[in-house]
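Read through the structure below, which is laid out as structure tokens, and then see the notes.
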Amino acid sequence: MLFTPVIQIKNLNQYFGKHQILFDINLNIYGGEIVIMTGPSGSGKTTLLTLIGGLRSVQEGSLKYLGQELNRASDQDLVQIRRQIGYIFQGHNLLDFLTAKQNVQMSLELHNHISSWESSLKSEAMLQSVKLGHRIDYFPSDLSGGQKQRVAIARALVNHPKLVLADEPTAALDSKSGRDVVTLMQQLAKKQNCAILIVTHDHRILDIADRIIEMEDGCLKA
Ligand SMILES: Nc1ncnc2c1ncn2[C@@H]1O[C@H](COP(=O)(O)OP(=O)(O)OP(=O)(O)O)[C@@H](O)[C@H]1O
């Protein structure tokens, strides 16, 4: 193979107690690719997303992040992998007592040994690229839902991750804000050549995907 997939999943099964939730999942995701995962409520989408994000332990099968196996990985390795992934969730999870810029900057400083001068410049540039240059010193409570979600995108992408996982990133947004948010994710992903996996029920954004996969009853439909 010419290049390693960002995510490579083979014969993955997952259980909650005795109840099997995911059945023989096989999936490759490559850099620069936007994959949308849809499927009915309770079909296992979030479970798969949290496994890929190293937020849950793999029970059976293989799940590799850039060639590194997550099944039976040590806690330390999982922490290391999580640091390389950008997460965008529905509730945006911004820290309310930090400004937009400080939220982005904190993510940079947590992951890198860089001066606060440099992280400040990078955070401002990232907020400008999500069109929030005029809101860098605003607190989340003074931003709209779409603006908060754009701060969350800036925060997820400022570290130039190879993978971004987004769970219902547009669920709380009106149609224009939702469209703006995913278009920005698409532009930044292509620029940074990162892979993006989006779980969504939002049919208005399906057209930004390079590939759409569907989960049903714990199985990925071919
Ligand atoms: N912590 C848990 N303990 C036991 N069962 C769970 C747990 N989390 C999820 N499940 C079950 O696993 C199945 C898959 O849930 P999951 O959240 O992955 O589905 P989903 O496709 O993301 O649904 P939705 O679209 O509603 O978010 C469901 O039947 C759910 O009840």
Side-chain angles (χ1 to χ4, degrees), residues 5-29 33-65 69-75 77-79 81-82 84-94 145-146 148-149 152-153 155-156 161 163-175 177-179 181-182 185-186 189 194-222:
V6 178
I7 288 295
Q8 187 171 35
I9 304 177
K10 280 190 186 152
N11 309 117
L12 181 137
N13 295 300
Q14 193 72 14
Y15 307 78
F16 280 121
K18 288 185 182 156
H19 198 61
Q20 187 164 2
I21 303 293
L22 296 176
F23 296 81
D24 197 29
I25 303 292
N26 291 282
L27 176 68
N28 283 352
I29 303 180
E33 201 181 20
I34 299 186
V35 177
I36 285 190
M37 177 160 53
T38 63
S41 179
S43 57
K45 305 180 297 296
T46 302
T47 305
L48 182 58
L49 199 75
T50 50
L51 283 168
I52 293 173
L55 302 168
R56 195 185 278 292
S57 299
V58 177
Q59 291 169 338
E60 216 174 277
S62 170
L63 196 167
K64 289 183 181 167
Y65 172 78
E69 182 60 68
L70 266 67
N71 190 352
R72 300 200 177 80
S74 67
D75 288 348
D77 286 343
L78 284 178
V79 169
I81 288 169
R82 276 183 221 135
Q84 300 170 38
I85 298 175
Y87 302 90
I88 301 169
F89 293 127
Q90 186 183 337
H92 59 73
N93 300 326
L94 299 180
K148 281 189 266 209
Q149 202 61 309
I153 291 174
R155 186 184 53 180
L163 175 67
V164 169
L165 301 174
D167 199 357
E168 301 282 5
T170 60
L173 305 179
D174 63 66
S175 118
S177 311
R179 165 62 46 188
V181 158
V182 290
M185 284 170 69
Q186 186 183 34
C194 80
I196 299 197
L197 176 60
I198 303 175
V199 167
T200 189
H201 289 112
D202 188 349
H203 286 266
R204 299 168 305 187
I205 64 166
L206 295 184
D207 61 295
I208 69 143
D210 296 309
R211 191 150 53 104
I212 297 174
I213 56 177
E214 202 176 334
M215 183 76 87
E216 198 174 288
D217 295 331
C219 301
L220 275 185
K221 282 169 65 175

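Because only heavy atoms are used, hydrogens play no part in the values below, and waters and symmetry mates are left out as well, while side chains stay in. Numbering of ligands and ligand atoms starts at 1, following listing order. Since the model is a prediction, treat every value here as computed from it, not as a measurement.
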Open item on the list: Side chain, backbone, both or neither: which applies to Thr47 and ligand 1 if a contact is any heavy-atom pair less than 4.0 Å apart?
Closed with: both
- [ ] Starting from atom 14 (C) of ligand 1, locate the nearest protein heavy atom and write down its residue, its atom name and how far away it is, to 0.1 Å.
- [x] Gly42 O, 3.4 Å
TODO: Kindly state if atom 31 (O) of ligand 1 has a protein heavy atom within a strict 4.0 Å cut-off, that is, under 4.0 Å?
DONE: no
Open item on the list: Quick one, Ile198 and Thr170 - any side-chain contact, counting heavy atoms below 4.5 Å?
Closed with: no
Open item on the list: Does Asp75 have more than 12 heavy atoms from other residues, nucleotides or ligands lying within 6.0 Å of its CG?
Closed with: no
Task: Atom indices of ligand 1, in the order listed, that fall short of 4.0 Å to a heavy atom of Ile21 - done: 11 (C), 12 (O), 13 (C), 14 (C)
- [ ] Under 4.0 Å from a heavy atom of Pro40: give me the atoms of ligand 1 that qualify, with their elements.
- [x] 21 (O)
TODO: Could you tell me whether atom 4 (C) of ligand 1 has a protein heavy atom closer than 4.0 Å?
DONE: yes
Open item on the list: Pairs of nitrogen or oxygen atoms closer than 3.5 Å, one from Arg56 and one from ligand 1: do any exist?
Closed with: no
TODO: Can you measure from NE2 (His201) to CE (Met37) and round to the nearest 0.5 angstrom?
DONE: 10.5 Å
Task: atom 9 (C) of ligand 1 - nearest protein heavy atom and its distance - done: Phe16 CE1, 3.4 Å
- [ ] Using the side chain to side chain contact (heavy atoms under 4.5 Å, CB included) rule, take Leu48 and Leu197 through it: C-alpha gap first, then chi angles, then the decisive distance, then the call.
- [x] CA-CA 11 Å; Leu48 182 58; Leu197 176 60; 5.8 Å; no
Open item on the list: Taking 4.0 Å as the limit for heavy-atom contacts, which would you say applies to His19 with ligand 1: side chain only, backbone only, both, or neither?
Closed with: neither
TODO: Around atom 27 (O) of ligand 1, find the nearest protein heavy atom and jot down its residue, atom name and distance.
DONE: Thr46 OG1, 3.8 Å
Task: Worked verdict on Gln8 versus Ser62 for side chain to side chain donor-acceptor pair (under 3.5 Å) - done: CA-CA 8 Å; Gln8 187 171 35; Ser62 170; over 6 Å; no
Task: Test log, rule side chain to side chain contact (heavy atoms under 4.5 Å, CB included), inputs Glu33 and Val6 - done: CA-CA 10 Å; Glu33 201 181 20; Val6 178; over 6 Å; no
- [ ] Can you establish whether the number of heavy atoms outside Asp174 located under 6.0 Å from its atom CG is more than 12?
- [x] yes
- [ ] Mind checking the CG-CG spacing from Leu220 to Leu22? Nearest 0.5 Å is all I need.
- [x] 8.5 Å
Task: Ile85/Val164 under side chain to side chain contact (heavy atoms under 4.5 Å, CB included): CA gap, chis, key distance, verdict - done: CA-CA 6 Å; Ile85 298 175; Val164 169; over 6 Å; no
Task: Option whose closest heavy atom lies nearest to atom 26 (O) of ligand 1, chosen from Gly17, Ser41, Ser43, Gly44 - done: Ser41
Open item on the list: Can you report which non-hydrogen protein atom sits closest to atom 25 (O) of ligand 1, along with the distance?
Closed with: Lys45 NZ, 2.7 Å
Task: ligand 1 atoms in contact with His201 (distance to a heavy atom under 4.0 Å) - done: 25 (O)
